[in-house]
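The structure under discussion appears below in the form of structure tokens.
Here the structure is a predicted model, which is why all the values come from computation and not from measurement. In what follows, every chain begins at residue 1, and chains take the letters A, B, ... in the order their sequences are listed. Because only heavy atoms are used, hydrogens play no part in the values below, and waters and symmetry mates are left out as well, while side chains stay in.
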2 protein chains.
Amino acid sequence: MASFEVTVLGASGGPDVGATQCFLIRPFGWRGLESVCIDGGAGSTQIAKMLAGETRNGLTESFYERDYEPVNRFFDSNAPVRQGLSDSTLHALNNSPRITSYRVAQVYESIKGYYVTHPHLDHIAAMVIDSPLIFNSQIPMNKTIWGLPFTTDALKRFIFNDSVWPNLIHSGGQRLKTEALADQVTTTNSTFTNFEVTPFRVSHGLAAHHPREKISSTVYLFRDKITDHCIIICGDLEPDSDEPLLSKLWSYMASNIPLHKIKAIIIECSSPMTIKELYGHMSPARLAKELSHLQRTYGYKQRPDMNVIITHVKNYCSPKDPRLVILDEVRQESQKLGLQGIRFSIAIKGYTFYL
Amino acid sequence: MASFEVTVLGASGGPDVGATQCFLIRPFGWRGLESVCIDGGAGSTQIAKMLAGETRNGLTESFYERDYEPVNRFFDSNAPVRQGLSDSTLHALNNSPRITSYRVAQVYESIKGYYVTHPHLDHIAAMVIDSPLIFNSQIPMNKTIWGLPFTTDALKRFIFNDSVWPNLIHSGGQRLKTEALADQVTTTNSTFTNFEVTPFRVSHGLAAHHPREKISSTVYLFRDKITDHCIIICGDLEPDSDEPLLSKLWSYMASNIPLHKIKAIIIECSSPMTIKELYGHMSPARLAKELSHLQRTYGYKQRPDMNVIITHVKNYCSPKDPRLVILDEVRQESQKLGLQGIRFSIAIKGYTFYL
């Protein structure tokens, strides 16, 4: 029995603007339209495309060997994934007008907020450009942007500052607000009161211009209090170097949650093994090593039964779709390390995972 | 005989992230792949979709009465417009590998720079998120971002600052650079030496949070020195209030360029007549009034023979596509004012105008 519905609105590591990272999350089988997002690289446009059935049946955009690839090449054969918005969302829309723009507005209105991993543009662009819709609506609507202070501060200083975007935070009568979270402090989501959310600061490399300055990102742990099921959702990240960050997350997990209760880890893997300059990102080898680290932290008496869903693959010039290259490589690297009980898939826009 | 090829990569007034304003411009019949962009709300993703032939034949996304509308509803019946990248671009790609990702890279590599109208996110998002591609390429590639100082300064302070995006301007060894233009000062484009470009500062309303602070935008005048043909390309803008800005542009035109040499004005019209709060944008009535102002500045002995191409229409909840509503209204308002010699169309992503 699943606990979470995770709809992939976008999962590109760039460019694919408008379809970069955004996951729409709800409790499994939730009767209303409500959701929260992790990151905001995609938004109302992707919802429109899904509602209009634009996703080609069984095919997904690739633009490499073929322009459209059979989507099942990207999923583990046992991955609990189906095309489109979740069944419960479509059921909640049943009595809505048949005009797509109205239905998009309803789904968008019901996004209660965004847990943002870091303020890089590919993780916020659609959230920002969608935001005037909050004020166009007849229905009173409020949205919260949650994040560690480095995220909420950057959004206020650099984005909602009237130069880059209208300052809808200070002029919007609390319809759009930011709420800073504290590292490793658990809060309960006010809409989904079964959901506990804990942010963990992680490393995302060094600044390009001031290479002594560290760039941070966030991993979000979602826990369903009833079932004790968890999902871990990452933004961009790299393995620990001088600070124990990811290792703290793995220790926290091992101390608090049985391994088989982790239903999924949604984690970036930006580039395949041939790319050596990683700029604060994961590679297939790094990812397999972290999963091995997690297993070691739990000890070998517990066996995982989880989906690892790879996000944020970067487009680059290659004959083969880099997502398929990475999927092969991650499976091989994991096998080398003797990892078991993990089903690897790629996050594909327009699909919902039932976790 | 046309002087300009203008490919619409994006023309939405929001949200439709990834397909907001970006026009790819080249001299008509240019033999290479080179181009420059006006704004950067769309980019490599839209190029990929066009090369993969994703645009449905004769239909375009709408999401109102129908999810896909016949595209000819959006164009004047005499508009010089065809689906896809320009014939000359496709011809220059003839010997390239058949893999879409390679062809996208070639077209992207050949974008020499962006003339940005203002730093609002819907005009820059794809330009920014595409920018790492500059450094992935095997081929040495340089791109320039041109703009009035309020644009180039904001991009440096708020976007390429390592917090919102890697600082590729200061760390990129001049591969990506900004170049501030001066208001009403003509420069020659270094790639297309027949093209003279003149920026005009215009008004884009007031700041949301500090309503005494003015927001500026830019209109670009492109002139072909050989044919003397011109196109005027606007970002967001509103009519003059306390400063003569648009009226300076019209006077400049009337003093320097015969009216029939203006091949096209690409201008925003964000909302239909029912919307009263315009937030620094144009309405059909305002647009018709400006065109009448232009005609008056020239006097009535000269008659225009131009395309007015409407961009930046905002999505909103309505049974009918607001672009079609606006097209009807602009035609009616222009008729009321006795305007003649103008062909009205909507800028539709994935189409090229030959102007």
Fill in: Contacting moiety of A/Arg157, where chain B heavy atoms sit under 4.5 Å
backbone

Worksheet, complete the sentence: For A/Lys214, the side-chain hydrogen bond (donor to acceptor under 3.5 Å, both in side chains) test, sequence neighbours excluded, returns A/Asp242, A/Glu243

Item to complete: Against chain B, work out which of A/Val128, A/Asp321, A/Thr45, A/Val17 has the most heavy-atom pairs shorter than 4.5 Å and name it.
Response: A/Val17

Discussion item. Return the OG1 to CD distance between A/Thr100 and B/Glu65, rounded to the nearest 0.5 Å.
Written reply: 12.0 Å

Discussion item. Show the nearest heavy-atom pair for residues B/Asp130 and A/Pro15, with the distance to one decimal.
Written reply: OD1-CB, 2.8 Å

Discussion item. At a 4.5 Å cut-off on heavy atoms, which part of A/Asn161 comes close to chain B: side chain, backbone, both, or neither?
Written reply: side chain

Discussion item. Heavy-atom cut-off 4.5 Å, strictly under: side chain, backbone, both or neither for A/Ile169 against chain B?
Written reply: neither

Worksheet item: Is the closest side-chain heavy-atom distance between A/Pro166 and B/His120 below 4.5 Å?
Response: yes

Discussion item. Given heavy-atom pairs under 4.5 angstrom as the criterion, report whether the side chain, backbone, both or neither of A/Ser131 touches chain B.
Written reply: neither

Practice prompt. To the nearest 0.5 angstrom, please state how far the OH atom of B/Tyr102 sits from the OH atom of A/Tyr64.
Written response: 9.5 Å

Item to complete: Pick one of side chain, backbone, both or neither for A/Ile215, based on which atoms fall under 4.5 Å of a heavy atom in chain B.
Response: side chain

Practice prompt. Considering only heavy atoms and a distance below 4.5 Å, find which of A/Gly14, A/Ser318, A/Pro132, A/Gly43 pairs most often with chain B.
Written response: A/Ser318

Item to complete: Let me know if A/Ser163 has heavy atoms under 4.5 Å from chain B in its side chain, its backbone, both or neither.
Response: both

Discussion item. Within this structure, what is the OH-SG distance for the pair B/Tyr108 and A/Cys317, rounded to the nearest 0.5 Å?
Written reply: 12.0 Å

Fill in: Segment of B/Ser216 engaging chain A (4.5 angstrom heavy-atom cut-off)
neither

Worksheet item: Hey, which of B/Ala105, B/Ser101, B/Gly18 has the most heavy atom pairs under 4.5 Å with chain A?
Response: B/Ser101

Worksheet item: Is A/Ser171 reaching over with its side chain to a backbone N or O of B/His209, donor-acceptor style, under 3.5 angstrom?
Response: no

Item to complete: Applying side-chain contact (heavy atoms from CB on, under 4.5 Å), run through A/Leu121 and B/Leu121 and close with a yes or a no.
Response: CA-CA 10 Å; A/Leu121 198 54; B/Leu121 198 54; 3.5 Å; yes

Worksheet item: Given the options B/Thr151, B/Val104, B/Val164, which has more heavy-atom pairs under 4.5 Å with chain A than any of the others?
Response: B/Val164

Fill in: Members of residues 275-283 of chain B whose heavy atoms come closer than 4.5 Å to chain A
none

Fill in: N/O donor-acceptor pair under 3.5 Å between A/Asp162 side chain and B/Ala208 backbone
yes

Worksheet item: Is it the side chain or the backbone of A/Leu133 that comes within 4.5 Å of chain B heavy atoms, both, or neither?
Response: side chain

Discussion item. Using heavy-atom distances under 4.5 Å, tell me whether A/Pro319 contacts chain B through its side chain, its backbone, both, or neither.
Written reply: both

Discussion item. For a quick test of reading the model, state the closest non-hydrogen atom pair linking B/Phe63 to A/Ile99 and the distance between them.
Written reply: O-CG2, 4.1 Å

Practice prompt. Could you tell me which non-hydrogen atom of B/Ala125 sits nearest to which non-hydrogen atom of A/Ile129, and how far apart they are?
Written response: CB-CD1, 4.4 Å

Worksheet item: chain B heavy atoms under 4.5 Å from A/Asp67: which part of the residue, side chain, backbone, both or neither?
Response: side chain

